[in-house]
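One structure is given here, and the rest of the page talks about it.
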Amino acid sequence: MASLDNKKQRSLQHGLTSRQVSMISIAGIIGAGLFIGSSNAIATAGPAILISYAMTGLLVLLVMRMLGEMAIANPSSGSFSTYASEAIGPWAGFTIGWLYWWFWVLIIPVEAIAGADILHAYFPAVPSWLFAFLIMVVLSGTNLVSVKNFGAFEYWFALVKVIAILAFIVVCSLAVFGFWPLAEVSGVSRLWDSGGFMPNGFGTVLGGVLITIFSFFGAEIVTIAADETANPKDKIRRATNLVVYRIAIFYLASIFLVVSLVAWNDPGLKAVGSFQRVLEVLNVPGAKLLVDLVVLVAVTSCMNSGLYTASRMLYSLGARGQALSMTKRISGAGVPTVAVVLSTLAGFVGCFVNYVLPGKVFGFLLSTTGAIALLVYLVIAVSQLRMRARAEREGQALELKMWLFPWLTWAVIGTIVMVLGYMLFSDAYRYETLMTAGVTLFILLVSMTQRVGKGVVQPA
């Protein structure tokens, strides 16, 4: 009986160190989308993609400020899902929490497959599916043992990404100022000498926002991880304040250097990725190997974070009665083992489906995640609007506040609704938007059915 009581009292432990959370917050938004996917964004808008990144960065900065306000007032592993339950209603927390979990368990196999393909290219004797399987087994195993293992892996992954980008910025800056000895490339004339700064019109700049916004998704992970460290409020405040610097240095500076040194319509950009193409133009020895190693670290890091985030969200849903009760079970090491296992199994299913039916079922499932990032941002904004208004009515003192409330909050809500509307009426994004809407409606109906029929979902 005593052992049963101990199990009931178990909770997530403060297993992450300050430096681990700091590094996760610094490099959390650096993924393969920056190293490779940015080439598609550049091809869409040309050098004016800088405006797209700036607009997207501003939106993410404001959303993180709103999330930081709520997270400092109430640190929680459920983060915005918990706040949505409190501010909007249990149905909102249920829906956005499950959507977020769905997003990450589909991203897990995407990253595992990407990493496996890189390894398979260098070791063709080993099948790609085996590499994917091994990557998932190793990372899920480390996540199951202790949150310290997740923190250790993610710290070094993040450190590699930060060093790689800073080195890239240094090398490219030397080239821009004419001090790079390996190539006769200098200046920033590429910004306008191939059809102008905005060669495809302002409409493509808005289209670029839709491509770049998913590169920033993941910045919110720090508000989930902070709950498993000492002094979570300090970590969240620091991470929120660092957002602007991360966006300016890692995205705007690096992309500025890319479009300064390589023509936006250079076919090599889409063929090998933006960072590798720049290094090739600068005649950097082993450019492909260097970028492949960094991208391998980036996708592995993203998968590691995805597994951690999905499991914590599932645990939070279980703790609030919005998932199977077994998902809230905590091991003696403070790990939500059932949530980790179920999230891993979902990732394995995604990998299996991709290899058995390539480009079919898995592609369809992945399309359902098309607008989830925007829905998460929208829920964060609406939750902050209501919780801040409530706090002011009750005279509650907040340690961190959203700027120019409520006007900036309303501006963010209006912007997100406008972008979602654009996606719905755009031929390029309508299918993905409708798929996301379909999954959202299904989850919402499940929530309503549970509340009305079984009374499983309890108020937050």
Side-chain angles (χ1 to χ4, degrees), residues 4-14 66-67 69-105 143 147 220-229 232-233 236 306-331 334-343 346 372 375-387 390-391 439-460:
L4 183 61
D5 290 338
N6 288 336
K7 287 183 179 179
K8 288 181 180 179
Q9 294 171 3
R10 286 176 182 169
S11 59
L12 298 178
Q13 295 183 359
H14 294 165
M66 289 185 277
L67 181 57
E69 177 183 294
M70 295 183 290
I72 288 176
N74 179 28
S76 169
S77 61
S79 188
F80 51 83
S81 175
T82 303
Y83 312 140
S85 289
E86 181 179 345
I88 306 173
W91 63 270
F94 181 100
T95 303
I96 206 65
W98 277 106
L99 276 176
Y100 195 68
W101 180 84
W102 177 251
F103 176 90
W104 282 112
V105 297
N143 271 269
V147 69
E220 71 289 338
I221 290 176
V222 69
T223 63
I224 296 174
D227 192 39
E228 293 183 72
T229 185
K233 294 182 179 181
I236 294 171
L307 180 57
Y308 170 84
T309 307
S311 63
R312 268 43 177 192
M313 184 58 73
L314 186 57
Y315 159 77
S316 178
L317 288 167
R320 286 177 278 140
Q322 297 177 333
L324 296 174
S325 60
M326 64 179 179
T327 59
K328 64 182 179 181
R329 293 178 185 170
I330 302 291
S331 71
V335 175
T337 50
V338 175
V340 172
V341 170
L342 291 179
S343 299
I372 287 179
L375 290 179
V376 169
Y377 292 160
L378 181 61
V379 167
I380 290 172
V382 173
S383 299
Q384 187 268 338
L385 182 70
R386 303 192 70 175
M387 292 185 75
R390 181 188 306 170
V439 172
T440 303
L441 181 60
F442 173 77
I443 295 175
L444 184 58
L445 289 175
V446 172
S447 170
M448 295 301 182
T449 300
Q450 284 193 334
R451 293 188 67 203
V452 175
K454 300 179 181 179
V456 173
V457 180
Q458 300 298 326

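Just so you know, these numbers come straight off a predicted model, no measurement behind them. Positions are given from 1, in the same order as the sequence printed here.
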Exercise for the section: Mind checking the OG-CD spacing from Ser447 to Gln322? Nearest 0.5 Å is all I need. Expected result: 7.0 Å
Fill in the blank from the handout: Heavy-atom nearest pair, Thr327 first then Ala339, reads O-CB, 3.8 Å
Exercise for the section: Identify, with sequence neighbours excluded, every residue that meets side-chain hydrogen bond (donor to acceptor under 3.5 Å, both in side chains) alongside Ser343. Expected result: Trp101
Exercise for the section: Would you name the heavy atoms of Ser85 and Gly93 that are closest together and state the gap between them? Expected result: OG-CA, 3.2 Å
Practice task
Kindly write out the residues that satisfy side chain to side chain contact (heavy atoms under 4.5 Å, CB included) with Ser81, not counting sequence neighbours, or none if the list is empty.
Solution key: Ile96, Met313, Leu317, Arg320
Handout entry: Residues in side-chain hydrogen bond (donor to acceptor under 3.5 Å, both in side chains) contact with Ser311, at least two apart in sequence or another chain
Key = none
Handout entry: Sub-4.5 Å side-chain heavy-atom contact between Met326 and Leu342
Key = yes
Handout entry: Thr309 OG1 to Ile221 CD1 distance, which is reported to the nearest 0.5 Å
Key = 3.5 Å
Fill in the blank from the handout: Nearest heavy-atom contact between Ala87 and Ser383 is CB-O, 3.7 Å
Exercise for the section: Please report the C-alpha distance between Ile380 and Met70 in whole Å, then the side-chain angles of each, then the deciding distance to 0.1 Å, and finally whether the side chain to side chain contact (heavy atoms under 4.5 Å, CB included) criterion is met. Expected result: CA-CA 9 Å; Ile380 290 172; Met70 295 183 290; 4.0 Å; yes
Practice task
Work out which heavy atom in Ile88 is nearest to a heavy atom in Arg386; give both atom names and the distance.
Solution key: CA-NH1, 3.8 Å
Exercise for the section: State, to 0.1 Å, how close Tyr83 and Ser76 come at their nearest heavy-atom pair, and which atoms those are. Expected result: OH-N, 3.8 Å
Practice task
Could I get the full list of side-chain hydrogen bond (donor to acceptor under 3.5 Å, both in side chains) partners for Glu220, not counting sequence neighbours?
Solution key: Tyr100
Practice task
Could I get the full list of side chain to side chain contact (heavy atoms under 4.5 Å, CB included) partners for Thr440, not counting sequence neighbours?
Solution key: Thr95, Leu99, Leu375, Thr436
Problem - Value rounded to 0.5 Å, distance of CD1 in Ile372 from CZ in Phe103 - result: 7.0 Å
Handout entry: Shortest non-hydrogen contact between Gly318 and Ala323, atoms and distance
Key = N-CB, 3.7 Å
Practice task
Using only heavy-atom distances, determine whether the side chains of Thr337 and Ser331 contain a donor-acceptor pair under 3.5 Å.
Solution key: no
Handout entry: Nearest-0.5 Å distance, CZ of residue Phe80 to CE of residue Met66
Key = 13.5 Å
Handout entry: Those residues that, when tested against Tyr308, pass side-chain hydrogen bond (donor to acceptor under 3.5 Å, both in side chains) (two or more places apart)
Key = Glu228
Exercise for the section: Using a 4.5 Å cut-off on heavy atoms from C-beta on, say whether the side chain of Arg312 contacts that of Val340. Expected result: yes
